[in-house]
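Before any comments, here is the structure.
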Amino acid sequence: MSKLLTVFGATGNQGRSVINTVLADPILSQEYKIRGITRDTSKPDAKALADKGVEVVSADTSSPSSLSQALSGSTSVFLVTNPSFTENSDAEFQQGKAVVDAAKEVGVEHLIFSSLLNVIDSTGGRLKNVPHFDQKAQVEQYIRDLGIPATFVLPGYFMSNYVSMGLIRKGDDGVYTLAYPVNEGSKFPLVDIEGDFGKYVGSALKNPTKTQGVQILAASDYYTPTRILSEFEEVTGHKTRFVQIDYETYKSFMPGYLGLEMLENHLFIEEPGYFLGRSLKESQELVADAGFKLTSWKEFLEKNKGVFA
């Protein structure tokens, strides 16, 4: 009899990656049926999942009964929460807490949560404005305090940001520029979020005992801006430059509080580090042992270099 995997954010980058990985894997696809949770089941992305055999349902995080119903019968659950990028809001924590409470109530055997580190704690209060990290860390601690069998997958810095957000931009002189408010030696743990994130979750599903209570660091490698651009040049043939910009200029690129949050997010990457300098080796070996191959920055660029033509 198949187990049931319930995936929150089923049409988002992370949830979709989890679903695609499970469906494509010869072992997991036989072991699990999938239920996808999304806010709007009528959207084309949701219908596309249904066409693949995914049971698509909606749930309201402000309604405990709807969450309990959505999680009913679930053996394993993948949970990703949505940041509000709003000052003085704990909406993301409350969203996560509601799902975790429902998972506890229905007896979920394995909860896999997309977590991050606590920036306030990690910097001794130096950086206080990265709630989309801090509130995920708070949800993780809440899960641990409740004693739910759980694995925590911490996604790195999205490779897709360089495409979807235009972080590497062509200037009037034809040179492609990467501008950050941090020095060129800062280490960005890059992950192909849609192509690879599900592989980390799939590894946890294949090894629930081995990964219980573990933080899996989801990144193919650490990349400095210098390396990001040198490999970009190698793949695309375009000339590049790195520009370290001042804090106020960087904040001005985004409206209101979002600018401050993204600034401090990058200052955290510079010091003490996105994953506090922790090695990626153990997480990478877990993925390899589960039969998955990760995508390097060069490989991602090869697949997407048409964007920079």
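Basis for what follows: all heavy atoms, side chains included, without hydrogens, waters or symmetry-related copies.
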Review point. Using the ring of each side chain (for Trp, its six-membered ring), is Y180 parallel, tilted or perpendicular to F242, with breaks at 30° and 60°?
Key: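 Because their plane-to-plane angle lies in the 30° to 60° range, the rings of Y180 and F242 count as tilted.
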Review point. Where does the angle between the aromatic ring planes of F232 and Y176 fall among parallel (under 30°), tilted (30 to 60°) and perpendicular (over 60°)?
Key: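 Ring orientation of F232 relative to Y176: tilted.
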**Study point:** Check: H132 ring centre within less than 6.0 Å of F85 ring centre
**Key:** yes
Check your understanding: Below 6.0 angstrom between ring centroids: does that apply to Y157 and H266?
Key -> yes
Check your understanding: If we only count heavy atoms from C-beta on, is the L5 to K33 side-chain gap below 4.5 Å?
Key ->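 No. Closest side-chain heavy atoms not under 4.5 Å.
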Check your understanding: So, do Y162 and F300 sit near enough that their side-chain heavy atoms are less than 4.5 Å apart?
Key -> no
Validation: residues 46-59 side-chain donor-acceptor distances under 3.5 Å, sequence neighbours left out:
{"from": "K52", "atom 1": "NZ", "to": "N20", "atom 2": "OD1", "distance (Å)": "3.1"}
{"from": "E55", "atom 1": "OE1", "to": "R35", "atom 2": "NE", "distance (Å)": "3.0"}

**Study point:** Considering all heavy atoms, the nearest I34-V22 contact
**Key:** CD1-CG1, 3.8 Å
Review point. Taking the six-membered ring of F275, is NZ or CZ of R278 closer than 6.0 Å to its centre and within 45° of its axis?
Key: no
Exercise for review: Sort and list the pairs that fulfil ring pair (Phe, Tyr, Trp, His ring centres under 6.0 Å) and have at least one residue in residues 95-131, not counting sequence neighbours.
Suggested key: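 Listed by first then second residue: nothing to list.
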**Study point:** Side-chain donor or acceptor of K187 paired with backbone N/O of Y222 under 3.5 Å
**Key:** no
Check your understanding: For residues S84 and E92, is any side-chain donor paired with an opposing acceptor at under 3.5 Å?
Key ->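 Note: S84 and E92 side chains miss the donor-acceptor criterion.
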